[in-house]
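Scroll down for the structure; my scribbles are underneath it.
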Amino acid sequence: MNKKLWYNKEAKIWEEALPIGNGRIGAMVFSGTISDKFQINEDTLWSGYPGMETRKHSMEEIYNIRELVKNKKYSEATDATSEMMFGIHSQGYLSYGNLFVDIITEKSDVTDYKRELDMDNGRIVTKFKLNGNEVCKEAFVSLADDVFVLNIKSEEKLDYHIYQAVELENKMYCEDGVATSEGRCPTDVSQYTMKVEYDKDKESIHFCSRVKVISDYEPFGAANSMWTSKTNNITVIFSIKTSFNGYNKMPVTEGKEYIQTSLDVLNNAAKYSYEELKQRHTEQYKKYFDRVEIKIDGEKYDYLPTDERIKKAAEGTVDNGLVTLLFDFSRYLTISSSMPGTQPSNLQGIWNYKMIAPWHSNYTMNINTQMNYWPTETCNLAECHMPLMKMLKEFCEKGNNFGLRGWSSWHNSDIWRFNYEATKGVLWGFWQMGGFWSVRHIWEHYLHTRDVDFLKEYYPVMTGAAEFLEDWMYEDEDGKLITCPSTSPENRFIYDGNLCAVCKGSAMDMSIIYDLFDKTAKAADVIGEDSTHFKEIISKLAPVKIGKDGRILEWGEDLEESEPGHRHMSHVYGFHPADIFTDEKYTNAVREVLRVRLENGGGHTGWSNAWICVVYARLKEGKKVMEHIRNMFRKSIYPNMFDAHPPFQIDGNFGIGAAICEALMQSHKEEIELIPAIPEEWKSGEVRGFVTRTGEIIDFRWENNKAEILKIKPYKEI
């Protein structure tokens, strides 16, 4: 089955280039002919240093805000909340820069051009004729040897110029046949001031990159450049290491050794021939990618370039092959951006070409970070989930900034596990449920793998979150436990003609809290701990309410929406991704929420559309699933298949992958349901390797709305 994105012209802009990565090193491949560009990232190249935030909040401020909300002084409560916020921001994920590989030629007649991302083998292949001479380029980032590799073969001997343009402060030199760049990251970047600062008196992450060229003709070099001549087989190997040594370690005085390590990694890779490097990477990559396959029978347009297929699908053409390609791309991106030992996938995975990226390309934890991992377990990529788990453990170690027990994290974070409300924007910044939302990923991993040892290891993270919430909540007038200040992420309501963000007990807060205590109690039962206390807390929680119009009350009471078509679907959290809204009245309320949001223009960003799509899948509405997949092609997919917020955010790629999973199989009720939400266009097909929440791996096929299990076995047998 064809698992390739392919194009008949080279990439001119970043959103046309194709991604490769091994979880740590990422590259965007432009597949140029005469001049080729590879924009490079490394997942620990971030600005800043640990300990930049040290202040604590006073609970007295919180008590004052609660009194204002009690008296329905919502505007004053919003102002008071803004006033108590520190007005700081997370640090930014950075671009390393560009590696260029140019062919030196006076004549440049190019014909028969084709480039493709081969997802079966995890590499990019580009072929064309240059002045009648066949040229073939292959590029990948090795999962086995931790280097970027480019190989170019040509019928005739060619001359090359290889050079770098590094975005970060650096010095370059060339010796012993290796081009080296040593440098450091900024001490601060800010999208709010648009400044990039290098403070000589402060520490920041340092790096060392190496480039080695292997060819028939001995390369020579100077500064940032290398040249080689008269060769029809050239291999370029790039390595990079940084001094980052952990979220709580100063990156210089407590940093890792990185200069010699970058050379050791390069020399180790150079011991192998290109074919050996390719084989070693492919074998490692396929261990992950080959675990799952879906086939949806029907019309496919493989003979068209991918960008043309996207346009046709946007116009309404049924292309089931493109749907499976979109699904496979989400798995490919997971493997390429999040592997054991790496940082979690951020707003742009690991691919970012700007020094000041949109929203700092950080961890936005009021939907985006979590959505990155929605399809991971079902797609049998549990190992790729581990970077998120490690981050939760690090948040647990950091605690909270209210002097309460346990830990919490806010809506923004970074490599230093920034743990404050970002900026003074109450509507997005004052929301400390991001880590608690992520805690359900611990339970998801356990359900799919039935790994009791893992659950025991992460149980303290769950109980630490529960401790904070016990201290943070208070009894309202009805004697129920509730939160305040409370917000619904990035949304506001109107009261007395004023735009307000602060309430008590938003649906999002209370849904996440109920879910957390529910999963912590269940985890306690599994590992033999006492769950009584957690169940008692659940019985005291303020309920999520449904309004007179049949919708879930986003702010806990009937309040006028300022933006009925808002992009966030926060108040359906209890239905998806959680599983706590189970009865029919809540299911109908979720439908009403989606209806009103969409009638007012909601779902206009890529990830929002993907979230709506996966909720419709859980609602078992296949027609709506297809409608929102088509919406992705119509307005939220770039030519290279990246999700468009716009700009690029990777979460929509993972969200739509999760929606396809949910349409084909559901197991959130701890029973397996096959093809619960397939569109009528998906008349027949087959799935191999899905992992269920019952801890099993399943193969099945379907035809004419009837499914049969082909094979099922416990996950632990793999």
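Note that the coordinates shown come from a computational prediction; the quantities given were computed from them, not determined experimentally.
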*asked:* Tell me every residue that passes ring pair (Phe, Tyr, Trp, His ring centres under 6.0 Å) with F633, counting only those two or more places apart in sequence or in another chain.
replied: none
*Any salt bridge between E169 and R184, counting N to O under 4.0 Å?*
yes
_I'd like to know if D118 and K3 make a salt bridge, using a cut-off of under 4.0 Å between side-chain N and carboxylate O._
no
*asked:* How long is the straight-line distance from CZ of R331 back to CZ of R291, given to the nearest 0.5 Å?
replied: 10.5 Å
_I want to check a possible cation-pi pair here: R280 against Y272, using under 6.0 Å from ring centre and within 45° of the ring axis as the test._
yes
*If you measure from the Lys or Arg side-chain nitrogens to the Asp or Glu carboxylate oxygens, is any gap between K127 and E134 under 4.0 Å?*
no
*Partners passing side-chain hydrogen bond (donor to acceptor under 3.5 Å, both in side chains) against E308 (at least two apart in sequence or in another chain)*: none
*Mind listing the closest non-hydrogen atom pair of Y93 and E42 along with its distance?*
CE1-O, 3.4 Å
*Does V110 reach the side chain of N131, with side-chain heavy atoms less than 4.5 Å apart?*
no
*In Å and rounded to the nearest 0.5 Å, what is the CG to OH distance from L158 to Y217?*
14.5 Å
*Given side chains that start at C-beta, do those of S243 and Y258 come closer than 4.5 Å, heavy atoms only?*
yes
_Less than 6.0 angstrom separating the ring centers of W416 and Y247, yes or no?_
no
*Does atom NZ of K153 have more than 12 heavy-atom neighbours, drawn from other residues, nucleotides or ligands, at distances under 6.0 Å?*
yes
_I'd like to check R24 versus M339 (side-chain heavy atoms, cut-off strictly below 4.5 Å). Are they in contact?_
no
*Return the orientation label for the F642 and W351 ring planes: parallel under 30°, perpendicular over 60°, tilted otherwise.*
tilted
*Which residue pairs satisfy the ring pair (Phe, Tyr, Trp, His ring centres under 6.0 Å) criterion with at least one member in residues 135-162, sequence neighbours excluded?*
F38-F148, F140-H281, H161-Y163, H161-W227
*Partner set under ring pair (Phe, Tyr, Trp, His ring centres under 6.0 Å) for F329, not counting sequence neighbours*: none
*Report yes or no: is the cationic atom of K37 (NZ for Lys, CZ for Arg) closer than 6.0 Å to the six-membered ring centre of F30, at no more than 45° off its axis?*
yes
_In the structure I gave you, are the side-chain heavy atoms of K230 and S215 within less than 4.5 Å of one another anywhere?_
no
*So, D112 and K129, do they make that salt bridge, N to O below 4.0 Å?*
yes
_Just so I know, are the side chains of C613 and I629 near enough to count as touching, which here means a heavy-atom distance under 4.5 Å?_
yes
*Give the ring-plane orientation class for Y373 versus H385, where under 30° counts as parallel, over 60° as perpendicular and anything between as tilted.*
parallel
_L325 side chain near L5 side chain, heavy-atom distance below 4.5 Å_ = yes
*More than 12 heavy atoms from other groups under 6.0 Å of NZ on K157*: yes
*Can you tell me if S90 and N362 form a side-chain donor-acceptor pair at under 3.5 Å?*
yes
*In chain order, what residues pass the ring pair (Phe, Tyr, Trp, His ring centres under 6.0 Å) check against F238, with sequence neighbours excluded?*
Y96
_Least distance between heavy atoms, N41 atom then N352 atom_ = ND2-O, 2.8 Å
_Any pair counted as side chain to side chain donor-acceptor pair (under 3.5 Å), so long as it reaches residues 312-322, sequence neighbours left out_ = R309-D319
*Whether over 12 other heavy atoms sit under 6.0 Å from K635 NZ*: yes
_Run the side chain to side chain donor-acceptor pair (under 3.5 Å) test on E182 and Y173 for me, step by step, so that the C-alpha distance in whole Å, both residues' side-chain angles and the decisive distance to 0.1 Å come before the verdict._
CA-CA 9 Å; E182 292 183 35; Y173 56 93; 2.6 Å; yes
*State, yes or no, whether a side-chain contact exists between N233 and N151 at a heavy-atom distance under 4.5 Å.*
yes
*Look at the aromatic rings of Y301 and Y303 and report parallel, tilted or perpendicular, splitting at 30° and 60°.*
tilted
*So does D188 pair up with K195, basic N to acidic O under 4.0 Å?*
no
*I20 CD1 to I25 CD1 distance, which is reported to the nearest 0.5 Å*: 9.5 Å
